[in-house]
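In the text below, chain A, chain B and the rest are named by the order of the sequence lines, each starting its count at 1. Values in this document were obtained by computation on a predicted structure and should not be read as measured data.
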Amino acid sequence: MEAAGISPEPLVCLRARDLLHTVIVGHDGAAALITEVEAYNGPDDPASHAYTRTPRSTMMYGPPDRLYVYRIHGHHCANVVTSPEGEGAAVLLRAGRIVAGHAQARARRGDVADHLLGRGPGNLARALGITMADLATELTDPRGVHLAGSRAGGGPPAGVGVGPRVGVRLAADRPWRFWVPGEPSVSAYRRHRAAVGDDR
DNA sequence: GTTTAGATCAACT
DNA sequence: GTTGATCTAAACG
């Protein structure tokens, strides 16, 4: 019997919330205020690449504040490893508002409206110039792609939107997506066509 | 065995 | 028209 058991959010969700309204600096001066993220909880999350442990996913089990990049549909997606060594949790950067280097971002993305430059994980990565070459980048090292030390959006967001992750097939109902309400750069929810929930 | 490159198609703008 | 923690297949060790 579930005694009013609202399952507590894993730590990675708190880290995901923390990343909102922080700035990620990409290549050639392009930078984005993070407005939408998703949490992936390693071995306890069927939707995570770390669910099966391989030489590749081992990187996610490594030290935090490193960049995990993967390809999908010919695009790249950027994740931040957030957990201490051994846990394999990471946060997908789903959207951001370009706050610097608009010209560079637009050169890579094409001539689109500002709020569309970093809308969606593939677009955000492209706007920032992130590719597989940036895999395992130290996000604390200002020489390359990195996270700004502190929030530059005027502080933490007033409220945070919460909902299920976009486009995942497995564990589709876990509300581990977080976004800044009112941000036009946040993408709409799209459920996977063959989405499957958890059995627990 | 694992990893990267490309593609498909429902949902979105 | 555009996008994407899916999917298949080719490349690699």
Side-chain angles (χ1 to χ4, degrees), chain A residues 9-10 12-13 15-16 19-20 24 32 34-62 64 66-83 87-98 105-137 161-179 181-198:
Chain A
E9 283 186 355
V12 63
C13 290
R15 298 292 299 117
L19 281 170
L20 289 176
I24 182 169
I34 298 171
T35 57
E36 183 188 0
V37 295
E38 283 177 0
Y40 286 87
N41 197 29
D44 188 44
D45 183 0
S48 172
H49 291 176
Y51 187 63
T52 53
R53 197 158 178 168
T54 64
R56 173 51 163 247
S57 69
T58 295
M59 200 222 86
M60 298 175 78
Y61 287 86
R66 289 181 151 206
L67 197 63
Y68 174 72
V69 183
Y70 69 92
R71 275 188 50 118
I72 185 169
H73 289 74
H75 300 112
H76 298 277
C77 292
N79 302 248
V80 178
V81 177
T82 62
S83 57
E87 294 187 18
V91 174
L92 167 67
L93 306 181
R94 273 204 63 86
R97 187 174 211 283
I98 303 300
R106 187 161 277 115
R108 288 189 279 250
R109 283 277 294 113
D111 186 20
V112 298
D114 278 14
H115 71 282
L116 296 179
L117 283 173
R119 181 172 185 153
N123 287 332
L124 178 61
R126 203 189 320 174
L128 296 176
I130 293 174
T131 66
M132 294 303 293
D134 298 300
L135 182 64
T137 296
V162 181
R165 295 174 291 188
V166 173
V168 299
R169 191 175 74 83
L170 300 171
D173 301 320
R174 296 191 188 183
W176 289 355
R177 171 171 171 250
F178 308 94
W179 65 88
E183 267 291 333
S185 56
V186 175
S187 42
Y189 176 58
R190 288 161 67 177
R191 189 174 175 88
H192 192 272
R193 49 162 102 157
V196 171
D198 274 302

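A/D198 places none of its side-chain heavy atoms less than 4.5 Å from the side chain of A/D173. Side chains of A/R56 and A/L135 form a contact here, defined as non-hydrogen atoms less than 4.5 Å apart. Inter-residue side-chain proximity for A/I24 and A/I34 is flagged as met; some heavy-atom pair is nearer than 4.5 Å. Contact of the A/P121 side chain with the A/L124 side chain is not registered, since no non-hydrogen atoms from C-beta on lie closer than 4.5 Å. Looking at heavy atoms from C-beta onward, A/M132 lies in side-chain contact with A/R71 at the 4.5 angstrom threshold. No side-chain heavy atom of A/Y40 sits under 4.5 Å from any side-chain heavy atom of A/H49. Taking 4.5 Å as the limit, every side-chain heavy atom of A/L92 sits out of range of all side-chain heavy atoms of A/W176.
Per the geometry, CG belonging to A/L135 stands 7 Å off P belonging to B/dT4, to the nearest Å. If you measure from atom OH of A/Y189 to atom P of C/dA5, you get 11 Å, rounded to the nearest angstrom. Here B/dT3 presents its C1' atom at 11 Å from CZ of A/R71, a figure rounded to the nearest Å. The CE-P distance, from A/M132 to B/dG6, rounds to 13 Å in whole Å. B/dA10 atom C1' lies 14 Å from atom CZ of A/R191, rounded to whole Å. Nucleotide B/dT3 holds its P atom 12 Å from the CE atom of A/M60, rounded to whole Å. Here C/dA5 presents its P atom at 10 Å from CZ of A/R177, a figure rounded to the nearest Å. The nearest whole Å value for the distance from the NE2 atom in A/H76 to the P atom in B/dT3 is 17 Å.
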Less than 3.5 Å apart, which donor and acceptor atoms pair up between the side chains of residues 162-170 of chain A and the rest of the protein, not counting sequence neighbours?
from   : atom 1 : to     : atom 2 : distance (Å)
A/R165 : NH1    : A/A39  : O      : 2.9
A/R165 : NH1    : A/D45  : OD2    : 2.7
A/R165 : NH2    : A/D45  : OD1    : 3.2
A/R165 : NH2    : A/A171 : O      : 3.4

Go ahead and write out DNA chain B as dot-bracket, 5' to 3': ( ) for pairs within the strand, [ ] for ones crossing earlier pairs, | when the partner sits on another strand, dots for unpaired; Watson-Crick or G-U wobble, both distances under 3.5 Å. |||||||.||||.
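For A/R53 and A/Y61, the positive end sits near the middle of the six-membered ring, less than 6.0 Å away and at most 45° from its axis.
For A/A195, the side-chain contact (heavy atoms from CB on, under 4.5 Å) partners are A/A172, A/R191, A/H192, not counting sequence neighbours.
In this model, the phosphate group of B/dC12 is not approached by any side-chain N or O of A/S187 to a distance below 4.0 Å at OP1 or OP2.
Judged by distance alone, the side chain of A/S185 and the main-chain N or O of A/H115 form no donor-acceptor pair under 3.5 Å.
The salt bridge (charged side-chain N to carboxylate O under 4.0 Å, His left out) analysis of residues 105-117 of chain A, with sequence neighbours excluded, yields the pairs A/D28-A/R108, A/R106-A/D111, A/R106-A/D114.
Each of A/G74 and A/H115 was matched to the nucleotide of DNA chain B holding its nearest heavy atom; the match closer to the 5' end belongs to A/G74.
The separation of C/dA5 from B/dT13, taken at their C1' atoms, amounts to 22 Å, rounded to a whole angstrom. Using P as the reference atom, B/dT8 and C/dA10 are 14 Å apart when rounded to the nearest Å.
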Protein-nucleotides 2-4 of chain C N/O pairs under 3.5 Å:
from  : atom 1 : to     : atom 2 : distance (Å)
C/dT3 : OP1    : A/R109 : NH1    : 3.3
C/dT3 : OP1    : A/N123 : OD1    : 3.0
C/dT3 : OP1    : A/N123 : ND2    : 3.3
C/dT3 : O2     : A/R190 : NH1    : 3.4
C/dT3 : O2     : A/R190 : NH2    : 2.6
C/dG4 : OP1    : A/P121 : N      : 3.0
C/dG4 : OP1    : A/G122 : N      : 3.2
C/dG4 : N3     : A/H73  : NE2    : 3.4

Might you list the N or O atoms of the protein lying below 3.5 Å from N or O atoms in nucleotides 8-13 of chain C, with each pair's distance?
none

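Base engagement by A/Y68 is indicated by at least one non-hydrogen atom pair under 4.0 Å involving a base atom.
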